[in-house]
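See below for the structure under consideration.
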Amino acid sequence: MTLDPSIAQRLKRDSAGLVAAVVQQWDTREVLMLGWMDDEALHRTLTTGRVTFWSRSRQEYWRKGDTSGHLQFVKAVSLDCDGDALLIEVDQVGVACHTGKRSCFEEGGDLGAVIGQRGDV
């Protein structure tokens, strides 16, 4: 089986054939992680109810939770207006990050951005 051509034609892939996939907890809207998908990974995600990624470092498919038990059950998949990013809404079981944190964005810390205010234009 392959990705539906009507979906495939809407994707704008990078030079490696990948699209960024932002993973978000469906009910709390917490951003959990960023992964990468090619057409096959997206097809598997859309048709199995579990999230599959393409590992850029290992050059293989991996389904979140198969070894860790920290599963991601698909609730919705959306494509952004440019076709170059996916939003995968999931029901996350356990942690999402390989470091053992709930979100991959906990370890990086605040980068000290200036806080903008409406009217500051």
Side-chain angles (χ1 to χ4, degrees):
M1 308 281 299
T2 58
L3 185 61
D4 181 324
S6 67
I7 296 170
Q9 72 181 13
R10 296 174 57 200
L11 295 176
K12 291 196 179 93
R13 301 158 194 83
D14 68 8
S15 60
L18 303 174
V19 175
V22 177
V23 179
Q24 180 181 51
Q25 176 65 32
W26 74 280
D27 53 353
T28 65
R29 300 297 188 216
E30 175 185 19
V31 176
L32 299 172
M33 61 177 286
L34 172 74
W36 296 92
M37 292 184 172
D38 64 4
D39 287 16
E40 178 63 24
L42 179 54
H43 171 72
R44 292 181 189 188
T45 298
L46 292 172
T47 60
T48 66
R50 296 266 311 279
V51 183
T52 298
F53 299 101
W54 174 255
S55 171
R56 297 180 302 167
S57 59
R58 295 188 313 267
Q59 295 290 295
E60 66 183 16
Y61 295 102
W62 60 283
R63 193 167 65 165
K64 185 68 174 166
D66 278 353
T67 57
S68 68
H70 303 296
L71 308 172
Q72 292 176 338
F73 294 100
V74 176
K75 294 296 184 181
V77 179
S78 305
L79 183 61
D80 80 338
C81 60
D82 294 324
D84 61 359
L86 296 159
L87 176 62
I88 315 293
E89 296 177 60
V90 302
D91 185 8
Q92 176 72 47
V93 176
V95 302
C97 189
H98 70 282
T99 65
K101 301 286 186 182
R102 171 82 176 159
S103 168
C104 292
F105 295 94
E106 291 179 36
E107 291 278 317
D110 184 354
L111 299 181
V114 172
I115 305 301
Q117 301 291 327
R118 290 179 185 223
D120 285 354
V121 273

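Throughout, numbering of the chain's residues begins at 1 and tracks the sequence. Side chains are part of it too, since the values below use all heavy atoms of this structure and drop only hydrogens, waters and symmetry mates.
If you chain together hydrophobic residues whose side chains sit under 4.5 Å apart, L79 and L46 fall into the same group. Using a 4.5 Å cut-off between side-chain heavy atoms of Ile, Leu, Val, Met, Phe, Trp and Tyr, with links allowed through other members, L18 and F53 fall into different hydrophobic clusters. Each of V95 and W62 belongs to its own hydrophobic cluster when Ile, Leu, Val, Met, Phe, Trp and Tyr are linked at side-chain heavy-atom distances under 4.5 angstrom. Placement of L86 and V90 within a single hydrophobic cluster is found when ILVMFWY residues are connected by side-chain heavy-atom separations under 4.5 Å, directly or transitively.
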For E89 and V74, what are the C-alpha separation, side-chain angles and deciding distance, and is it a side-chain contact (heavy atoms from CB on, under 4.5 Å)? CA-CA 6 Å; E89 296 177 60; V74 176; over 6 Å; no
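In this structure, CD in E106 is found 7.5 Å from OG1 in T99, a value given to the nearest 0.5 Å. To the nearest 0.5 Å, atoms NE2 (H98) and NZ (K64) are separated by 9.0 Å. L11 contributes atom CG, which lies 12.5 Å from atom CG of D82 (distance to the nearest 0.5 angstrom).
With a 4.5 Å cut-off on side-chain heavy atoms, F73 and Q92 do not count as touching. Within the 4.5 Å cutoff, no side-chain heavy atoms of R63 are placed close to those of R44. Residues R50 and D66 are in side-chain contact: their nearest non-hydrogen atoms beyond the backbone lie under 4.5 Å apart.
Screening V51, I7, L42 for a side chain to side chain contact (heavy atoms under 4.5 Å, CB included) involving V77 leaves a single residue, L42.
Panel note: side chain Q24, backbone L87; no donor-acceptor pair is recorded below 3.5 Å. Of the possible polar contacts, one joining the T45 side chain to the T52 backbone as a donor-acceptor pair under 3.5 Å is found. Here the side chain of S103 pairs a donor or acceptor atom with the backbone of V31 at under 3.5 angstrom.
Using a 4.0 Å cut-off between charged side-chain N and carboxylate O, D39 and R13 make a salt bridge.
Minimum heavy-atom separation, I88 to A21: CG1-CB, 4.1 Å. In this structure, A96 and L32 approach most closely via the heavy-atom pair CB-CB, 3.7 Å. Between A20 and L34, the shortest heavy-atom distance links the atoms CB-CD1, 3.9 Å. Of all the heavy atoms in A41 and W54, the pair that sits closest is CB-N, 4.2 Å. Between G94 and H70, the shortest heavy-atom distance links the atoms CA-ND1, 3.4 Å.
Open room surrounds NZ on K101; 12 or fewer heavy atoms of other groups in view lie less than 6.0 Å from it.
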